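To keep things clear, I will list the structure first and then write my remarks on it.
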Amino acid sequence: MKDEVTSREERIDNLKGMGCSRKRVEDARFTQGKGNYVDDIKLDGMIFGDFVRSPYAHARIKSIDTAAALEVPGVLAVLTAKDLEPLGLHWMPTLAGDKQMVLADGKVLFQGQEVAFVVAEDRFAAADGIEAVEVEYEELEVLVDPFKSLESDVVLREDTVDEAGKPVDGAHGPRKHHNHIFTWEAGDKDPTFEVIDNAEVVATESMYYHRTHPCPLETCGCVASMDKVNGKLTVWGTFQAPHAIRTVVSLITGIEEHNIRIISPDIGGGFGNKVGAYPGYICSAVASIVTGKPVKWIEDRMDNLMTTAFARDYHMTGRISATKEGKITGLHCHVTADHGGFDACADPTKFPAGFMNICTGSYDIPTAFLEVDGVYTNKAPGGVSYRCSFRVTEAVYFIERMIEVLAIELNMDAAELRRINFIKKEQFPYTAALGWEYDSGDYHTAWDKALKAVDYDGLRAEQAQRVEDFKAGKTRSLMGIGLSFFTEIVGAGPVKNCDILGLGMFDSCEIRIHPTGSAIARLGTISQGQGHATTFAQILASEIGLPADSITIEEGDTDTAPYGLGTYGSRSTPVAGAATAMAGRKIRAKAQMIAAYLLEVHDDDVEFDVDRFVVKGAPERFKTMKEIAFAAYNQAIPGIEPGLEAVSYYDPPNMTYPFGAYVCVMDIDVDTGVADIRRFYALDDCGTRINPMVIEGQVHGGLTEALAVALGQEIAYDDMGNVKTGTLMDFFLPTAWEVPNYETDYTVTPSPHHPIGAKGVGESPHVGGVPCFSNAIQDAFRPFGNRHTNMPHDHWRIWKTANELGLHG
Amino acid sequence: MIPAAFEYYRPKDMAGVLSILEEHGDDARVMAGGHSLIPMMKLRMADVPHLIDLQDVEGMSGIEIGVEAIRIGAMVTQHDIIDHEPLASAAPILREAALQIADPQVRYMGTVGGNVANGDPGNDMPGLMQCLDAAFTVVGPDGERDIPARDFYEAAYMTAREDEEVLTAVTIPMPKGGYAYEKQKRKIGDYATAAAAVQIVNDGGTCASASIAMTNLSDTPIYSEAAGAALVGTSVDDAAMNAAVAAMLGDIDPTEDNRGPIAFKKHVAGVILRRAIERAWSRA
């Protein structure tokens, strides 16, 4: 037998299990243009829908005349709110407990809002039909500033007031004003204020984390197909959470869940943009039900940037207190959160500001208080987690800026300030002042490794020399050293506190071993580029001893996959990855009984070894998993059912807390505002590493999106609520040209509660990267008196900082 | 992003092009690479009921390098410019500028003729051609005429070319001396925040002639005769460069956009021009 001459190391290699840089199995089709995205789906008789969108940010709709549009050749129907109202579908629930207009119901609240849905035989006819719909608007006062919105008499949403015009309670409690959505608090207000008011040193800063957008390369879209014969609605779409979409569709339409099939085919990036439900999905489904034909709706780039879920838009004010020696004693954070016209954040329902209460960061801060006020404005709805767990980018940016500002206040080195305040290794599990229990960490080791790798002291010496040269007129370039140490909170989450609209945030895996020793596993998650088909197979390979190459991973079809809450917030590995390992262990437990029977020993006398069970003390006596799989199906074994299958639904006991240490070095041209990234070092600790190559790819991608956000990517509005950055001309999407060479590194601190110790990594580099890039810019100007400037640090804003500091002579 | 319906024509010769133009007047537009016109049509900002594709019209794809002048056909792509070694030797500023236009995919399609004829103030070639004192050949129902690049641009998208005329070639007097095309942009593929084209002749340490044009700092490209004049007769020292920058700033008229406010653009224009002069002078 070949097995007998194969070494144990070769058997391990053959599995391509955890720790192996296995090549991504998805890439063969993606790199050859053989992916199957939603716009690749073509069904017999398929027709197309597209939206008439509002040119105004705030207007009353006086009339909609569809007659001319219906005369356009190829146009089949035009849906308005009046058509959806009898079905109760003119508004839809948002994930945040608010509701959103599907089609403009009497007024519009943001530019680009969906007003009517034109259904036509092809896209071209739909586009011509859109031009022919006549909408009469009456412009209303536009509120784009949340602070002004909170003082305005203008009522943006009529459902926020009673008949007397008094604000009524929202989904998360009382409103302070008719344009106010919620107040959310964490921590202890009075003790925190007392500590800060009596502290030796206090640093105060206000910062605006600008509005941006996840901008996946593939925009949102769907194909809805109602089979009128069997009453089944099938929807292919860009869904990061297909099962949740199915349940929500069932709840709002009344169609029974077994008669709804949601399929997420290949998805070209999500980054949070594809978590929520959009009017396009509802209108396509209604159009298909009405016409009996499959209806396709695909956004163009401008639709995507202007109307589907944005990210960030947090106005944050902080106070941080410390002793003269730099030991932090207290933290206060207030956020004014601009949610646009509808609160369509995609957070666990009990967390209207997501996990913003992770804003004490990686530091042992004894007392803290956070308050968030959500506000309506005339901007697009959203507030999703763009490549981060819920609002964690905002939290980490906030604390990593506050640390830098405190370092200035203390006249201290910011690296040292971090070091003396890190939570110590022996403090884990650590309960933070705002309530989270950090599972594991070793921050000092990671920090020291990072600083040594970049020769931090050498960089500071070089920077000091550069400042001298600058002052002496020898150079017009400044050097910035960006530091960031982040702790992420991912893997939502424990059902006891994490649900979305009542749907518990567990996840699942179902495994079938085939008789000849290969397998299929299905999960409740859905890859959008993360490489699940590669990495989940590796977890299973290590757990069940069959080669990863013999394991198919399937996700995204609600008719076949087990129920789960989808992929976002770096939850796939912490939750579905755990379910995969646990299901694998169930397979292994049954395999052990079969092996013992075949080897004619007691169950306890065999043990698992790589790809087989061996008799303890007699390694020459074994049964491989392949042999066991065959026996499971084809041999009558007393007391054991045929077959080898398992399913696991995993409710995680806690979140996982990946962390990392990043350093960025930039050279900044003071005269043009051009920032040149000379070096970027990223150390990530995501616990157990499943596939180092996939991790490195995730880090590169997350850092690149961090670079984008920090250095120029924004959704900007003018005073009239017009989107100024609605195309890729003005919305910054970095290419290879703008991206530096990244150096990646790691430490490994496994999660103590996760079955394989893995924590999740997809979003860490974005969370840690944004403050690192921003801190590099800010640090360059620190010797000249800079405390804080807002992102995005594009050329003119960097130039403006230099100008205001008097560096242009 | 779907254009309104239009008629598509692909004539084989210029006579065919001109007859369609004559028939439909300003309802017809010619298209070279299409990288400006097609997006405008998709955004429904340009209404072109009759679109005439020039791809099959022969005789506009050549690059001829003579003794006194270089003649570049209107259908020569940016990629052709970059790829053409004799051209890079004769007029290296063309390659330097073309490499800063858009990205390789656009440069495979985008043409010199389209770039200069469209009248988009963001395009790089118009300023460059003004710097080089090029002439544009246009052909119309009344025959052929040459228009100096420096007289061609009237306002954004408004040029001296008549609706029924087609721009067929660019003729550039053989450039002399040092050169530089300096461009600041936010990212690859972007129009300039500010760009400067400089061609300069060094006669024994003294500037014998200098030509300067700026891109995307007004609603047309700006040939700054005064900026060039400020350098002539000097050793291109600090004072001369300051004078050139001051003269240039007097000629441009930038507007605020997402790249930044006017003060920033003027400052950057000065920095960019200075760098362009320094680099051109170092090569002169």
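Numbers restart at 1 for each chain; the letters A, B, ... are given by sequence-line order, proteins then strands. Predicted model, so just to flag it, every value in this text is computed and none were measured.
Around the CD atom of B:Gln105, the shell of radius 6.0 Å holds no more than 12 heavy atoms that belong to other residues, nucleotides or ligands. Open room surrounds CZ on A:Phe124; 12 or fewer heavy atoms of other groups in view lie less than 6.0 Å from it. No more than 12 heavy atoms of other residues, nucleotides or ligands lie within 6.0 Å of CG in A:Asp719, so this atom counts as exposed by the packing criterion.
Looking at heavy atoms from C-beta onward, A:Met302 lies in side-chain contact with B:Met1 at the 4.5 angstrom threshold.
Proximity to chain A (any heavy atom under 4.5 Å) is shown, for B:Ala263, by both the backbone and the side chain. Residue contact with chain B, scored on non-hydrogen atoms closer than 4.5 Å, involves the side chain of A:Thr735 exclusively. B:Lys42 does not touch chain A: none of its heavy atoms, backbone or side chain, sits under 4.5 Å away. For a residue to count as touching a neighbouring chain, one of its non-hydrogen atoms must lie under 4.5 Å from one of that chain's; by this rule A:Asp300 touches chain B with the side chain only. Contact of B:Arg44 with chain A is made through the side chain alone, with heavy-atom distances under 4.5 Å. Looking at A:Glu714, there are no atoms closer than 4.5 Å to chain B (heavy atoms on both sides), in backbone or side chain.
Taking the six-membered ring where tryptophan is involved, the planes of A:Trp796 and B:Phe264 are tilted, since the angle between them lies from 30° to 60°.
Here CZ of B:Arg186 is found 7.5 Å from CE of A:Met729. Values are rounded to the nearest 0.5 Å. Rounding to the nearest 0.5 Å places CZ of A:Phe48 at 9.0 Å from CD1 of B:Ile2. A distance of 14.0 Å separates CG of B:Asn258 from CZ of A:Phe732, quoted to the nearest 0.5 Å. Put simply, CD1 on B:Ile272 and CG on A:Asp671 are 10.0 Å apart, with the number rounded to the nearest 0.5 Å.
Electrostatic pairing of A:Asp794 and B:Lys187 does not count as a salt bridge here, judged by no charged N lying under 4.0 Å from a carboxylate O. Comment: A:Asp669 engages B:Arg275 in a salt bridge, judged by a side-chain N to carboxylate O separation of less than 4.0 angstrom.
The shortest non-hydrogen separation linking A:Thr672 to B:Val271 is CG2-CG1, 3.7 Å.
Within the 3.5 Å criterion, the main-chain N or O of A:His795 finds no donor-acceptor partner in the side chain of B:Arg259.
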